[in-house]
Asker: 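If you scroll down you'll find the structure; I have some questions about it.
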Amino acid sequence: MVEPYSFGRRLFVGFNYAFLTALSFLCLFPIVHVLAVSFSSNAAAAGGFVKLWPVGFTTASYEYVLMQGEFLDALLVTLQRVGIGVTVNMFLTILVAYPLSKEASAFKSRTAYAWIFVVTILFNGGLIPVYMTVKYTGLLDSIWALVLPGAVPVFNVILLLNFFRNLPREMEEAAFMDGAGQWTTMWRIFVPLSLPALATITLFATVNHWNSWFDGLIFMNRPEHYPLQSYLQTVVVQQDLSDIASQDLDLLAEINDRTFKAAQIFLGALPILLVYPFLQRYFVKGIVLGSVKE
């Protein structure tokens with residue numbers, strides 16, 4: 001028999017709903033506002049009349065953004081970075097996490113290697129040594145300068161090795177008895193059983209590469225090689241629509257700096273907003289299962 005909620009319990013639940021609804025609104029408000037500004041007319045955005053709904057609806061800002069070759073070049077660089085970077089991150093994360101998840105009796109140097117990776121979380125060489133390393137290895141102004149310095153994300157390694165340690169050892173022993181080696185066991189037993197954790201750290205890696213902008217400014221010498229976030233950080237902030245080409249004057253009458261920048265910011269965030277809901281359901285399971293100890 002299910003007991004009815006007491007008044008205090010209903011009050012507590014109602015307060016939680018109200019608090020979380022208000023918190024969600026505060027998180028969504030900036031996104032909705034930027035979207036509304038991007039679809040609003042020049043006069044409405046300049047006058048500050050736009051809140052949560054477009055005023056004088058127009059798609060002129062998006063049309064102008066998509067006509068800009070620099071924006072599309074930066075978007076292609078970012079897509080290339082995400083494709084290569086996430087693949088490298090995931091491959092190396094699995095290769096590092098699997099041996100570190102073994103017992104000390106099976107991998108005697110496990111603790112020493114684990115400490116080497118953990119130390120890199122606490123200490124790093126700093127910006128200048130990293131830049132000099134990238135420079136003297138010939139990676140400057142290439143996509144590899146954005147990928148290789150962070151190729152092994154240690155936090156993701158810790159998440160995945162904890163997930164591996166919670167998988168039943170009997171399955172690994174059965175695979176060995178059937179003649180499988182370490183490589184086969186890793187790719188055909190551990191990896192398929194770790195999809196929630198892999199989906200979680202894939203999202204971590206994707207968001208990290210998509211949002212990174214500082215390394216693009218440091219390692220890229222030419223603006224056309226900037227990833228999207230570096231482009232948004234520099235070119236958009238400095239861009240002055242007063243130097244717009246004469247053939248675009250009709251378009252200029254419908255947009256201004258605010259609508260133009262809002263359109264670029266929203267287009268830059270759109271891929272992550274589309275991908276996140278499909279991977280979000282793995283978040284809790286992927287992290288919590290790796291943290292449970294028996």
Asker: Is there a continuous path of hydrophobic side-chain contacts, each under 4.5 Å between heavy atoms, that joins Val77 to Leu72?
Answerer: yes

Asker: On a heavy-atom basis, which atom in Phe219 and which in Ala145 lie closest, and how many Å separate them?
Answerer: CD1-O, 3.5 Å

Asker: For Gln229 versus Ser212, what's the shortest heavy-atom pair and its separation?
Answerer: CB-O, 3.6 Å

Asker: Can you sort out the partners of Phe39 under ring-ring contact (aromatic ring centres under 6.0 Å, His included), two or more places apart, ordered by chain and number?
Answerer: Phe57, Tyr62

Asker: Once rounded to the nearest 0.5 Å, what's the spacing between atom OG of Ser101 and atom CG of Asn166?
Answerer: 10.5 Å

Asker: With the side chain counted from C-beta on, respond yes when Met220 and Leu146 share a heavy-atom pair under 4.5 Å apart, and no when they do not.
Answerer: yes

Asker: Same cluster for Phe19 and Leu11 if Ile/Leu/Val/Met/Phe/Trp/Tyr side chains link at under 4.5 Å?
Answerer: no

Asker: For the pair His209 and Asn89, evaluate side chain to side chain contact (heavy atoms under 4.5 Å, CB included) and give the outcome as yes or no after the intermediate values.
Answerer: CA-CA 10 Å; His209 280 291; Asn89 285 160; 2.8 Å; yes

Asker: On a heavy-atom basis, which atom in Gly216 and which in Pro227 lie closest, and how many Å separate them?
Answerer: CA-CD, 3.9 Å

Asker: Could you go through residues 176-195 and list every donor-acceptor pair under 3.5 Å that involves a side-chain atom there, pairing it with any protein atom two or more places apart or in another chain?
Answerer:
from	atom 1	to	atom 2	distance (Å)
Gln182	OE1	Tyr98	OH	2.6
Thr185	OG1	Gly181	O	2.7
Ser194	OG	Phe190	O	2.6

Asker: Can you tell me how far apart OG1 (Thr21) and CG (Asn16) are? Round to the nearest 0.5 Å.
Answerer: 10.0 Å

Asker: With heavy-atom distances below 4.5 Å as the criterion, would you say the side chains of Asp215 and Pro149 are in contact?
Answerer: no

Asker: Could you tell me whether the side chain of Asn208 and the main chain of Phe204 form a donor-acceptor pair under 3.5 Å?
Answerer: no

Asker: Looking only at non-hydrogen atoms, find the nearest pair between Asp141 and His225 and report the distance.
Answerer: OD1-ND1, 3.2 Å

Asker: Run the side-chain donor-acceptor check on residues 23-36: report pairs under 3.5 Å with partners two or more places apart or on a different chain.
Answerer:
from	atom 1	to	atom 2	distance (Å)
Ser24	OG	Leu20	O	2.8
His33	ND1	Lys51	O	2.8

Asker: Is there a side-chain contact between Ile84 and Gln80 (heavy atoms, below 4.5 Å)?
Answerer: yes

Asker: State which residue, out of Leu100, Thr200, Leu198, Val96, fulfils the side-chain contact (heavy atoms from CB on, under 4.5 Å) condition with Leu160.
Answerer: Leu198

Asker: Taking transitive links into account, so neighbours of neighbours count too, which hydrophobic residues share a cluster with Trp53 at under 4.5 Å side-chain distance?
Answerer: none

Asker: Val86, Leu274: one ILVMFWY side-chain cluster at the under-4.5 Å cut-off?
Answerer: yes

Asker: Of the non-hydrogen atoms in Ser40 and Val55, which two are nearest, and what is the gap between them?
Answerer: OG-N, 3.1 Å

Asker: Say whether Leu95 and Val88 are linked into one hydrophobic cluster, either directly or through other cluster members, by side-chain heavy-atom distances under 4.5 angstrom.
Answerer: yes

Asker: Between CG of Leu228 and CD of Glu70, what distance do you get to the nearest 0.5 Å?
Answerer: 12.5 Å

Asker: Please list every donor-acceptor pair under 3.5 Å in which a side-chain atom of residues 125-140 meets a protein atom from a residue at least two apart or in another chain.
Answerer:
from	atom 1	to	atom 2	distance (Å)
Thr133	OG1	Pro129	O	2.8
Thr137	OG1	Thr133	O	2.6
Thr137	OG1	Val134	O	3.0

Asker: Run the side-chain donor-acceptor check on residues 107-118: report pairs under 3.5 Å with partners two or more places apart or on a different chain.
Answerer:
from	atom 1	to	atom 2	distance (Å)
Arg110	NH1	Lys102	O	2.7

Asker: If you round to the nearest 0.5 Å, how far is OG of Ser41 from CZ of Phe49?
Answerer: 9.5 Å

Asker: What's the shortest heavy-atom distance between Ser230 and Leu217, and which atoms?
Answerer: OG-N, 3.9 Å

Asker: Would you say Val157 ends up clustered with Val119 if hydrophobic residues are merged whenever their side chains have heavy atoms under 4.5 Å apart, either directly or through other cluster members?
Answerer: no

Asker: Would you please test Leu273 and Phe266 for side chain to side chain contact (heavy atoms under 4.5 Å, CB included) and show each step?
Answerer: CA-CA 10 Å; Leu273 294 177; Phe266 189 77; 4.2 Å; yes

Asker: Find out whether Leu267 and Phe71 are in side-chain contact, i.e. whether some heavy atom of one side chain is under 4.5 Å from a heavy atom of the other.
Answerer: yes

Asker: Just how far is it from atom CG of Leu92 to atom OG1 of Thr87, taken to the nearest 0.5 Å?
Answerer: 10.5 Å

